[in-house]
Amino acid sequence: MSGARSQEPEASRPVSLGDFELSAIRDGIYHLDGGAFFGVVPKVLWSKKTPADGNNRVPAGLNSVLVRTGEKNILIETGAGNKLPEKMVEIFGQPAKLLEALRQEGLGPDDIDIVINSHLHFDHCGWNTVRRNGKAVATFPRAQYYVQDGEWKHAHERQRDGVSYLHENYDPLVETGQMKLLRGNQEIVPGISVEVFPGHTRDMQAILIQSGGQTACYISDLIPTSAHLDLNWVMAFDLYPLETVESRKRYYSRAIPGGWLTMFTHDPQMPWGYVERSASGKLVVRT
Ligand SMILES: [Zn+2]
């Protein structure tokens with residue numbers, strides 16, 4: 001690893017969105033195989049945007065967003081957590097910095113009212129639970145957690161991406177009712193809603209944040225970084241790559257004319273930005 005690449009970018013300042021305040025926080029940086037991250041895109045192209053290390057790995061952010069609505073503190077996504085099996089720690093690393101990042105925002109686990117997971121792969125819901133006396137319990141004891149019912153069912157199907165699901169991140173919460181399983185698009189609280197965008201998994205949901213006529217969207221693994229804007233730069237992890245392309249078209253058709261702030265779940269540098277079309281028709285991001 002080069003020094004520059006292992007360096008943590010500085011935390012970005014909170015931004016206002018209507019009456020809400022958004023903070024980009026992260027569980028840290030982990031490492032993904034560059035080939036898997038960029039799918040069929042040749043390395044000569046992707047390595048210009050994201051250089052790989054000697055093991056062909058690229059740095060990726062475990063990016064969460066904290067939304068303060070004035071009434072509720074809402075945490076979108078909970079990173080990789082601190083319970084990864086040893087083998088996965090060897091492959092990906094386990095930075096486990098989310099609680100520290102929350103503390104820097106002046107919040108403890110008791111202050112979180114709502115947790116929303118876009119889907120249940122290990123790198124999106126790891127801090128949902130912590131182990132106490134050998135048992136996984138809610139990290140955020142007062143929070144109501146949300147995910148799609150279809151995503152939770154898929155986690156138990158052990159399909160191609162079965163290795164990415166660690167049941168102790170969600171099953172203990174589903175059992176007690178602390179995690180609510182949603183069926184399709186829904187408003188969670190005024191201004192915060194979820195919308196399903198299939199492709200990465202069948203039931204991955206984006207989180208829409210709307211206040212004062214402005215919109216931000218945590219689009220999660222549909223567009224994981226600012227290097228994945230192109231319709232066809234689809235991750236090899238995606239279960240339904242052609243649906244990823246269709247979902248991206250649907251997303252851009254609203255996000256670009258609407259001037260939405262797009263949040264990137266795995267960008268190691270840029271947690272969010274505005275996707276636009278350049279004069280030549282290329283998709284670009286403006287911060
Ligand atoms: Zn995923």
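For ligands, and for the atoms within them, numbers begin at 1 and follow the listed sequence. Computed from a predicted structure; not experimentally measured.
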Inset, instruction - Kindly report the OD2-the Zn ion (ligand 1)-NE2 angle for Asp221 and His200 respectively, rounded to 10°. - result: 80°
Inset, instruction - Give a yes or no on whether a salt bridge exists between Arg142 and Asp113, defined as a side-chain N under 4.0 angstrom from a carboxylate O. - result: yes
Inset, instruction - Examine all N, O or S atoms of Asp123, backbone included, and report whether one is under 2.8 Å from the Zn ion (ligand 1). - result: no
Legend entry - Test: Glu157 and Arg202 ion pair at under 4.0 Å: no
Legend entry - Of all N/O/S atoms in His121, the name of the one nearest the Zn ion (ligand 1): ND1
Inset, instruction - Would you check if the Zn ion (ligand 1) lies under 2.8 Å from any N, O or S atom of His119? - result: yes
Inset, instruction - Measure from the ring center of Phe122 to the ring center of Phe92 and say whether it is less than 6.0 Å. - result: yes
Inset, instruction - Compare all side-chain heavy atoms of Tyr146 with those of Val115 and state whether any distance is below 4.5 angstrom. - result: no
